[in-house]
Amino acid sequence: MRSQDYDRLYLSPPHLGRHEINYIQKAIEDNWVAPAGPNLAGFEADICAATGVPYCVALNSGTAAIHLGLILLGVGPGDEVLCPSFTFVATANPIVYLGATPVFVDSEPDTWNICPKRLREAILDRIARGKKPRALILVHLYGMPAKLPEIVALAQEFDIPILEDAAEALGSEWQQQPLGGFGRVGVFSFNGNKILTTSGGGALVTHDRALAEKARFLATQAKDDAPHYQHSELGYNYRLSNILAGIGRGQMGLLTERVKRRRQLFDWYREHLARVPGLTVALAPEPAGSRSNRWLTTILLGPPDPEADGPAAPAVTPETLRLHLETRNIESRPLWKPLHLQPLFAAAPMYGGAVCEDLFARGLCLPSGSAMTDGDLRRVKEALTEALE
Ligand SMILES: *Cc1c(COP(=O)(O)O)cnc(C)c1O
């Protein structure tokens, strides 16, 4: 079997530039083959420069960054943490690592992110039941900024700290301000499918120097300041390798270009799929003030018949579309399956649900890698048109 199928169009494969190899080579020549070294400091400085957030700790995954971030916000056993249902499971798993419970909230239809109205309802109801949520995880799905002013105001009103899961949103902006710095802690992922990658990796950013120092301490086994191995706190082995940080240095230099290309792909799809019957290229408008990195272009089947009650039942489902694309060797994926529908979280509280359930029933993610050519785009369009006609 070939290790890579060159004819296959992947959803969001890694896209390397020319300089990653130089940083790796230098790390090997200088023997910095460890979770310490100059690429780490350089990668962290690059992330600070790109996001405008003053402190950064590079970690070995976005999931690890969420885990440490929740610890920094004081989440522990028995706590409740507010979280959108419509997201990747890695947003919520660290809540459970800490013995806390996720409280899921539906999306709003404009950006598909956590709904401020439902969020208020959830906060008031949890308080009425005797427990104020300890933290709020805010996700910008597919790179689209959530409704920041409303959500930040709610968090302030109830004094609930925000962990901003910007794993999919590196390079996205709200009012010209990069995402990731709107909470007490922000998180990025450099997994292989993200807009930039270190193969696997993550980062925690914060405006608070003490929080950053604490994160670095916890990520390196929580070694106390002593000549021998002395530990007073529970630590983790979450630091990124200096080799992978070298890939990250090369990648960070490409962020502007990569965002530009993903936005071009989105515009191409929107223009060329507009006349394919039964298809809506979703997230078409960016709400005023928002600029998405368009990490993935997504489509919705439908739109639902306004006369019908309940979600529309389109003749072509996302799954039949996906299977047809597969016969053309094109990878596509359903939108994230809402977490309140996952067996893992069957017992967790959920506020609303109709919006994200409808998105899941009608949506599909299209190939969106920044290395795609115009020929690749035409291939996807032809396959979609075949399936829908
Ligand atoms: C990818 C992703 C994560 C997890 O990042 P990893 O680096 O894969 O651990 C968390 N949240 C969201 C929304 C993601 O898309």
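Note that ligands are numbered from 1 as they come in the structure, with each ligand's atoms numbered from 1 the same way. Values below: all heavy atoms of this structure, side chains included; hydrogens, waters and symmetry mates excluded.
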Nearest protein heavy atom with distance in Å, relative to [atom]:
| atom | value |
| --- | --- |
| atom 15 (O) of ligand 1 | Glu168 OE2, 2.6 Å |
| atom 9 (O) of ligand 1 | Thr63 OG1, 2.5 Å |
| atom 2 (C) of ligand 1 | Lys194 NZ, 3.0 Å |

Ligand-residue contact atoms, ligand 1 with [X], heavy atoms, under 4.0 Å:
| X | answer |
| --- | --- |
| Gly201 | 7 (O) |
| Asn191 | 7 (O), 8 (O) |
| Ala90 | 3 (C), 4 (C), 10 (C) |

Item to complete: Check whether Ile162 and Val185 end up in the same hydrophobic cluster, where Ile, Leu, Val, Met, Phe, Trp and Tyr are linked by side-chain heavy atoms less than 4.5 Å apart.
Response: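 Unlinked, Ile162 and Val185 end up in two clusters.
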*asked:* Could you tell me if Arg294 sits above the aromatic ring of Phe266, with its cationic atom closer than 6.0 Å to the ring centre and no more than 45 degrees from the axis?
replied: yes
Checking contacts here: is it the side chain or the backbone of [X] that comes within 4.0 Å of ligand 1, counting heavy atoms only? Could be both or neither.
| X | result |
| --- | --- |
| Thr87 | side chain |
| Asp165 | side chain |
| Ala167 | side chain |

Please report whether ligand 1 has a polar contact with Trp336, defined as an N or O pair separated by less than 3.5 Å (distance criterion only).
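By distance alone, the answer is no.
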* **Gly62 N/O under 3.5 Å from ligand 1 N/O** =>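 Yes: some nitrogen or oxygen of Gly62 is under 3.5 Å from one in ligand 1.
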Q | Backbone N/O of Thr111 and side chain of Lys147: donor-acceptor pair under 3.5 Å | A | no
*Relative to the ring of Trp112, is the ring of Tyr142 parallel (under 30°), tilted (30 to 60°) or perpendicular (over 60°)?*
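If you compare the ring of Tyr142 with that of Trp112, the planes turn out perpendicular.
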Parallel, tilted or perpendicular: which describes the rings of Tyr229 and His231, with under 30° parallel and over 60° perpendicular?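 Geometry flag for His231 against Tyr229: parallel rings.
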Practice task
For atom CZ of Arg333, decide whether the heavy atoms of other residues, nucleotides or ligands shown that lie under 6.0 angstrom number more than 12.
Solution key: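 No, CZ of Arg333 has 12 or fewer neighbouring heavy atoms, counting only those of other groups under 6.0 Å.
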**Report entry** Side-chain heavy atoms of Leu377 within contact of Met372, under 4.5 Å
**Finding:** yes
### Query
Under 4.5 Å between any side-chain heavy atoms of Phe190 and Met252, yes or no?
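A side-chain contact under 4.5 Å exists here.
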Looking at Ser189, Ser61, Pro94, the heavy atom closest to atom 5 (O) of ligand 1 belongs to Ser189
